[in-house]
Amino acid sequence: MTGGLHTLCSLAVPAITTDHLVKTYRSFGGRAVVALNDVTLTIPRGEIFGFLGPNGSGKTTLLKCLLNIIFPSSGDLSILDRPVTDLQVRRQIGYLPEAPYFYDRFNAYELLDFYGGLYGMSTTDIKARSPIVLAEVGLSPQSATRRLRTYSKGMLQRVGIAQAIIAEPELIILDEPSTGLDPIGRRQIKELIRTYHGRGHTVFLNTHILEDIEDLSHRVGVIYQGNLLALSTVAELTHAPLMLELRARHWVQEYSDAIAELVEYVEVMADGRIRLGMLPGLETPIVIHALSRAGADLFSVTPVTVRLEDRFLQLLAQQGGIPEYMREAVHRDLSPAQRALAQQSRGNGGTDA
Amino acid sequence: MRPRDFAVDPSYLIGTELLQWLAVIAGSAVLFLWVTTLLRNGRAGWYLTRHTCLDILRTRLYWVITGFALVASLVCVLLMFLLAYPDMQREGISGVELVAGAYLMGDTPRNVPTPDDPVAAARDLKEGVTLLTSIFLQALYVFFGSLLAIFIGMGLLANELERRSIYTLISKPLDRMMIFFGKLGGSFLSLVVYAFVVWAFDASLLAYFGLGVRLNILPAFVVAALVPMILASLTLAISTRTWALVAGFLSIVLMFTSNNVGTGIQSIILKQMLRVPAEKADWYFLLMPPQRPVGLYSVNFLIEDPLTRFFVSRAFPLTNDPAILALPVLYLSIILLFAWWSFRKQEFN
């Protein structure tokens, strides 16, 4: 094995590294538009990485840089510790584009034969592997013999995923893999991603379906206006002090006083719901017990969890990246103190989208 | 009047040598790029070329244009036969001889024009008609091949860019230039298929008239496919920077106007700037007798000459000069070098 292959196969080598990556476009008027601004990112091998950002935030620009479709203006970019122009590295990349178009005069087997050939696979290997990947993406052998022009959007998406994994590449880059798929298809693709991750593949997942990222990803990157706003695990990103939402027949001030030492804050919402910000380490039954002793007649207690979508929108809201009318809803699940902080930060620098 | 012996004119020799050297240098550069790109990409390059060719061959338009070329060839032969019929009866020439002559003039002792006076020989009915027919057949073959090349070339990369399927292709382990050369190679292969189909049809026509298939015209057909190949390269090169329809339109405009433009430029450079006498200026660097136009589209006439060599080689002595391929090779090389320079650093947004 050559030194180069050693490097490619080493687990210590990160799958993707970007170092102060900048990409600037020139508009027709000669104005510089910064699409990526000083993006530094390391994705270890064997990780499922979710990449989030609103439309036009720079997600696709980063993907294009990774795939050598466009060239960075400055900064460094490597895949498996090699430049992206290296053909040996590109053999280790499988890519599903958003809204893929394939040669529609071919059938799925012929298409896989073509793409397998581009990876340098032998005809025997392609023939052996094609039925396997088609089954993995949920395309029947009968469908696979039909020309692609007769395929539905979902079937094209499946064949697109099949071409991305035909050569079992080390790094699988999926751009909106669930687009056009029915719920069964979505579940199949999620299982497929888990399967390939289980086999040691790295998956770079670029999608607007935050639920998929929340389900699958180990780490998440959030990008907005070319700046990387957050880079952490899903758990870290959605971590928040426990908040309880109560519904009671009546709520009087004595109940709030009864638990004043157990909670950070009590907030009575306009619709009658009561929100309690729990102090760290305090268990829910203790608060419920205190309220019962004070005579509160509770008929629902629900822990409020911060979903990735909430956190994502909150991050954008801090940057002024969402419209005014949505802000209240976005900040709904924050504590009063956090909400005040968010309002303050918006006042200091945020602009309306 | 005896035609001037261009082959021994010193100005002509200097011009052709210069042209040949330029063609060799540019052609070698392109060949070097193509071969090194192929070597770097290995099997992937072949897969792209093969797949491109298969994709083209599955296009309905490809076979529609090829069908038109076949029908036009048949009509051309029948029309000539019809027009020449009264004279044929007078001279006692059979239709079989006429059609055969159209393909094989110069190939059979009976039809060899007199070497000393080819113009007078061409005045002979049989030679005149067969010469005209052969030129028409060649023109039809090249014309439909050129149309085919433009229709093929305009969509090969432009459609990939418009549909953004180029992203998938670039993400694969392929050099950028392999994508260009692979697409170009696939289109060339499909043009060779076109040449083969038209040759097979014309050869079958001869067989139908009881003369059997003459295989020796196949290489000429393949060489004549150089004109469509130049146009395919040109269209492909333009299409890397614009939409498919614009590329096709520009190529068609160039196909029909470049002859005049080229002649004009040549005239300005040679006659006005270099003060070359008019009698020399018309053929100085460009190998052609004065009565033939030059310029980009004159490639058409230049490349027909290998065909003509089979048919009327003794009528125009220059047609035996191997330098005849210099200009088309130069054109092809310049176009491909431009495309290489343009495509290798192109960003796809």
Side-chain angles (χ1 to χ4, degrees), chain A residues 23 25-26 33 35 60-61 63-73 79 84-107 110-111 113-123 126 147 149 156 160 163-164 166-167 169 171-173 175, chain B residues 36-63 152 155-183 185-186 190 240 244 343-349:
Chain A
K23 176 64 190 173
Y25 291 112
R26 290 266 160 207
V33 179
T60 307
T61 303
L63 280 189
K64 284 180 181 176
C65 287
L66 287 175
L67 297 166
N68 202 34
I69 293 167
I70 57 174
F71 311 109
S73 304
I79 290 180
V84 290
T85 48
D86 190 326
L87 292 187
Q88 205 175 358
V89 156
R90 301 249 290 283
R91 278 194 190 96
Q92 298 301 326
I93 303 174
Y95 170 58
L96 167 77
E98 185 182 2
Y101 172 86
F102 298 111
Y103 309 96
D104 59 8
R105 288 182 277 270
F106 288 86
N107 65 34
E110 289 169 328
L111 194 79
D113 176 61
F114 169 55
Y115 283 118
L118 295 189
Y119 278 106
M121 292 171 73
S122 70
T123 311
I126 296 171
R147 289 199 177 182
R149 65 172 54 172
L156 278 176
Q163 64 79 26
I166 179 78
L171 172 63
I172 302 169
I173 299 176
D175 197 355
Chain B
T36 50
T37 307
L38 267 174
L39 288 176
R40 261 201 316 275
N41 290 271
R43 282 168 57 83
W46 163 240
Y47 261 83
L48 183 58
T49 306
R50 191 190 69 167
H51 170 271
T52 304
C53 180
L54 284 176
D55 197 30
I56 292 168
L57 294 181
R58 289 184 184 184
T59 317
R60 195 173 297 152
L61 191 63
Y62 177 93
W63 293 107
I152 291 169
L156 273 183
L157 274 171
N159 284 346
E160 297 260 7
L161 300 177
E162 283 165 30
R163 295 163 181 162
R164 300 185 176 183
S165 48
I166 192 88
Y167 295 175
T168 319
L169 211 48
I170 288 187
S171 73
K172 303 301 178 208
L174 280 171
D175 270 350
R176 270 169 177 248
M177 282 324 292
M178 190 62 248
I179 294 175
F180 183 83
F181 283 136
K183 291 276 175 189
S190 72
T240 59
F343 195 69
R344 81 198 164 97
K345 280 289 172 194
Q346 188 173 350
E347 296 199 320
F348 304 101
N349 292 308

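Reminder, nothing fancy here: chain letters follow the sequence lines and each chain counts from 1. Not measured: the values here are computed from a predicted model.
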Would you mind checking which part of [X] comes under 4.5 Å of any heavy atom in chain A, side chain (CB onward), backbone (N, CA, C, O), both or neither?
{"X": "Gln346(B)", "result": "backbone"}
{"X": "Asn159(B)", "result": "neither"}
{"X": "Leu54(B)", "result": "both"}

Tyr47(B) six-ring face occupied by Arg50(B) cation (under 6.0 Å, within 45°): yes
Could you tell me whether a side-chain N or O of [X] sits under 3.5 Å from a main-chain N or O of [Y], the two making a donor and an acceptor?
{"X": "Asn41(B)", "Y": "Asp175(B)", "value": "yes"}
{"X": "Arg43(B)", "Y": "Met121(A)", "value": "yes"}
{"X": "Arg90(A)", "Y": "Leu174(B)", "value": "yes"}
{"X": "Trp63(B)", "Y": "Arg58(B)", "value": "no"}

Heavy-atom pairs under 4.5 Å with chain A, option from Arg40(B), Arg164(B), Met178(B), Glu160(B) with the top count: Glu160(B)
Contact winner vs chain B - Tyr115(A), Tyr95(A), Phe106(A), heavy-atom pairs under 4.5 Å: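 Heavy-atom pairs under 4.5 Å are most numerous for Phe106(A).
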Chain B contacts, top residue of Phe102(A), Phe71(A), Tyr119(A) (heavy-atom pairs, under 4.5 Å):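 Looking at each of Phe102(A), Phe71(A), Tyr119(A) in turn, Phe71(A) comes out on top.
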Contact origin within Gln163(A) toward chain B - heavy atom pairs under 4.5 Å: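 Looking at Gln163(A), backbone and side chain both touch chain B.
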Residue part contacting chain B, namely of Asp86(A), when any heavy atom lies under 4.5 Å: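 Neither; nothing under 4.5 Å.
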Mutual orientation of the aromatic rings belonging to Phe343(B) and Phe180(B) [parallel < 30°, tilted 30-60°, perpendicular > 60°]: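 Tilted.
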